[in-house]
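Right, one structure below, let's go through it.
Quick note: numbers below take in every heavy atom, side chains included, and nothing from hydrogens, waters or symmetry partners. All chains are named by letter (A, B, ...) in the order of the sequence lines, taking the proteins before the strands, and each is independently numbered beginning at 1. No experiment lies behind these values; they were computed from the predicted model shown.
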Number of protein chains: 2
Amino acid sequence: MNKETIQELIDRYVTTSFRVHKKAEALVKGQIGNELTNDQHYILRYIFHSGRCTSTELADVFEVNKSAITAIINRMVDKGLIERTRDMADRRVIYLTMTASGKELFLEVQKKIHLLVESIITQFEETEITVFINTYEKLAQILDDKKKEELGE
Amino acid sequence: MNKETIQELIDRYVTTSFRVHKKAEALVKGQIGNELTNDQHYILRYIFHSGRCTSTELADVFEVNKSAITAIINRMVDKGLIERTRDMADRRVIYLTMTASGKELFLEVQKKIHLLVESIITQFEETEITVFINTYEKLAQILDDKKKEELGE
DNA sequence: ATGAATAGTTAATGAGTTTAACTAATTTAA
DNA sequence: TTAAATTAGTTAAACTCATTAACTATTCAT
C-alpha cells in the first residue's frame, strides 16, 4: 500500500468508527435507557453468556480498573439485578451472577436490541454483512494481540 | 436470510463491536491519555476538519445534549485549547475554534493515533480493508437515516 | 512462618451525562 | 410592530463511570 492510500484509509476508519459508535450507542440507549445504562447492559450480557464471572474478569474485558467495576456492580446489586457469592475454596474470590429479575430484564432488553440490530443488518446482502463481520472479528483479534504485546514490553 | 443466520450475525456483531471499541479506545487512551480524554480528542479532530463549529453542531454529532458540550468545552477553554467567539450577525451563536496550542497538541496526538491505526490496518490486505471500510461507511449512513426516521415519527 | 502476590473494596477527585430552569437574541405572525 | 414562539447557549443539581492510592483479607511460595 502506498503512503497516501494508507493515510486516507486511516482517516476514513477513524471517522467512520466514531460515527457508527456514537449513533449505535444512542440508538441502543433509546431502546433501553430507562432501565439500564449501556455499560450495565453489556455487563448483564457478559454474565448471561458466561454464567458467572468475577470483578477481575470484567475489569479485564471492559479495559478499566477493578474499582470501576465495584462501583457499577454495587449499583446493580442495589437494583437487585446481580448477586455476589463467595467462592468457598478461595475466599478472596467473589462470583457475580444474575438474579431472576436481572435475567428477566436482560431478556427484555436483549429482545429490543435484537430487533434494532436486525432492522439494520437486514439492509445488507448476506454476503456483504458476513464478509464485514469476518474482517471485524479479525480486527478484534489483532487488537487483542496488540494489547498483549504492549503488556509484554 | 433465514432466522438463525440473522440471530447468529446479530450476536457476532454486538460482541465484536463491543470488543473492538473497548480495546481501540483503551489503545488510543494509552497514546494520548495524559494530554486529552478521548472525547476531547474527537472534539479537536472535529474542529480541525471543520475549521470552526458551534455547540449545537457538536451536540448533534456527539449525540448528547448541549449542556454536556458546554461542560467539555469549558474544560478545554480552561486548558487554553479552544476559543469562543460570538457571531456578529447573529449574537446567539458562539463559534468554537482551536487556539494555536490546541492545534499544536492536536497534531501531536494525531500523529500518535495515525501510527497506531497504521500498525493495525497494514496487517490486512488492501482489498480486505477497503471492502471493510466501504461497508462500514454504508452502515454509518444507515444509522444516520435510522436516526432521522426516528425523529420524523 | 513470613513476605509476596492476588481479589476485592473504599475514598477522593474528575470527566461526562441528563434534566430542568434560565438568559439573551432572533424569527414569526396577528 | 409588538407579543409569542423559537433558537443558542449556560447553569445547577444529581447521576454514572473512571482513575489513583491506600486498605483488608486471603492465599501462595520459599
Side-chain angles (χ1 to χ4, degrees), chain A residues 18 21-23 25-30 32-44 46 52-79 81-97 151, chain B residues 18 21-23 25-30 32-44 46 52-79 81-97 151:
Chain A
F18 173 83
H21 181 253
K22 288 293 182 189
K23 297 281 175 199
E25 291 296 279
L27 284 168
V28 168
K29 193 175 185 180
I32 70 170
N34 293 323
E35 337 213 29
L36 287 175
T37 66
N38 285 350
D39 282 338
Q40 288 171 2
H41 161 245
Y42 279 117
I43 286 190
L44 285 186
Y46 186 86
R52 72 178 189 194
C53 70
T54 65
S55 286
T56 301
E57 200 179 334
L58 287 177
D60 195 52
V61 171
F62 280 71
E63 297 276 352
V64 297
N65 294 335
K66 284 185 297 181
S67 51
I69 300 296
T70 298
I72 300 177
I73 297 299
N74 280 341
R75 284 174 218 116
M76 297 178 79
V77 168
D78 290 348
K79 284 203 269 185
L81 303 174
I82 285 185
E83 262 171 359
R84 288 180 165 106
T85 51
R86 269 221 139 71
D87 183 325
M88 285 314 178
D90 183 342
R91 297 181 34 77
R92 290 170 305 183
V93 176
I94 293 180
Y95 293 116
L96 305 173
T97 51
L151 294 177
Chain B
F18 173 82
H21 181 254
K22 288 293 181 186
K23 296 281 174 197
E25 291 296 279
L27 284 167
V28 168
K29 193 175 187 182
I32 70 171
N34 294 322
E35 337 212 28
L36 287 174
T37 66
N38 286 349
D39 282 338
Q40 289 171 1
H41 161 245
Y42 279 117
I43 286 189
L44 286 185
Y46 186 86
R52 73 178 187 194
C53 70
T54 65
S55 286
T56 300
E57 199 178 336
L58 288 177
D60 196 51
V61 172
F62 280 70
E63 297 276 353
V64 296
N65 293 336
K66 284 186 295 182
S67 53
I69 300 295
T70 299
I72 300 178
I73 297 299
N74 281 341
R75 283 175 218 116
M76 296 178 79
V77 169
D78 290 348
K79 284 201 269 185
L81 301 175
I82 285 185
E83 261 171 359
R84 288 182 166 104
T85 50
R86 270 221 138 71
D87 182 325
M88 286 314 178
D90 183 343
R91 296 181 33 76
R92 290 169 304 181
V93 176
I94 293 179
Y95 292 116
L96 305 172
T97 53
L151 293 177

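Of the listed nucleotides (dG16(C), dA8(D), dA18(D)), dG16(C) has the atom at the smallest distance from the side chain of Thr37(B). Distances from the side chain of Thr56(A) to the nucleotides dA7(C), dT17(C), dT26(D) place dA7(C) closest. With dA18(D), dG8(C), dT20(D) as the choices, the nucleotide that has an atom nearest any side-chain atom of Ile72(A) turns out to be dA18(D). The Arg91(A) side chain lies nearest to dT26(D) when the options are dT19(D), dT26(D), dG9(D).
Phosphate proximity of dT19(D) to Lys29(B): present, with a side-chain N or O under 4.0 Å from OP1 or OP2. Distances shorter than 4.0 Å separate none of the side-chain N or O atoms of Asn65(A) from OP1 or OP2 on dA18(D). Under 4.0 angstrom from either OP1 or OP2 of dG16(C) there lies at least one side-chain N or O belonging to Arg75(B). Between Arg84(B) and dT10(D) there is a side-chain N or O to OP1 or OP2 distance below 4.0 Å.
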- prompt: Checking side chain to side chain contact (heavy atoms under 4.5 Å, CB included) for the pair Lys79(A)/Gln40(A): CA distance, chi angles, key distance, verdict?
  reply: CA-CA 11 Å; Lys79(A) 284 203 269 185; Gln40(A) 288 171 2; 3.0 Å; yes
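Note: Ile72(B) CD1 to Leu58(B) CG = 8.5 Å, rounded to the nearest 0.5 Å. Between the OG1 atom of Thr54(A) and the OH atom of Tyr95(A) there is a distance of 8.0 Å, given to the nearest 0.5 Å.
For the pair Lys22(A) and Asp60(B), the salt-bridge criterion is not met [side-chain N within less than 4.0 Å of a carboxylate O].
Separating the CG atom of Asp39(B) from the P atom of dG14(C) is a distance of 18 Å, rounded to the nearest angstrom. We find that CD of Glu25(B) is positioned 14 Å from C1' of dG16(C), with the value rounded to whole Å. Distance CG (Asn38(B)) to P (dC17(D)): 17 Å, rounded to an integer number of Å. Rounded to an integer number of Å, the gap from Ile94(B) CD1 to dA25(C) C1' is 11 Å. Going from atom CD1 of Ile73(B) over to atom C1' of dT11(D) covers 16 Å, rounded to whole Å. Computed from coordinates, the Asn74(A) CG to dC15(D) P distance equals 15 Å when rounded to whole Å. Between Leu58(B) atom CG and dT10(D) atom P there is a gap of 11 Å when expressed in whole angstrom units. What separates NZ of Lys66(A) from P of dT24(D) is a distance of 15 Å, to the nearest Å.
In this structure, Arg52(A) places its CZ atom where only 12 or fewer heavy-atom neighbours from other residues, nucleotides or ligands lie under 6.0 Å away.
Across all strands, Ser55(B) comes closer than 4.0 Å only to sugar-phosphate atoms, never to a base (heavy-atom distances). Residue contacts shown for Ala89(A) are limited to sugar-phosphate atoms, with no base heavy atom under 4.0 Å away. When heavy atoms are screened at a 4.0 angstrom cut-off, Ala71(A) is found touching no nucleic acid atom at all.
Of all non-hydrogen atoms in Ile82(A) and Val77(A), the two that sit nearest each other are O-CG2, 3.5 Å.
Each of Arg86(B) and Gln40(A) was assigned the nucleotide of DNA chain D with the nearest heavy atom; the assignment lying further toward the 5' end belongs to Arg86(B). Nearest-nucleotide positions on DNA chain D place Ile69(B) closer to the 5' end than the other of Ile69(A) and Ile69(B).
Side-chain atoms of Ser67(B) come within donor-acceptor range of the base of dT19(C), with a qualifying N/O pair under 3.5 Å. Within 3.5 Å, a donor on the side chain of Arg92(B) pairs with an acceptor on the base of dT7(D), or the reverse.
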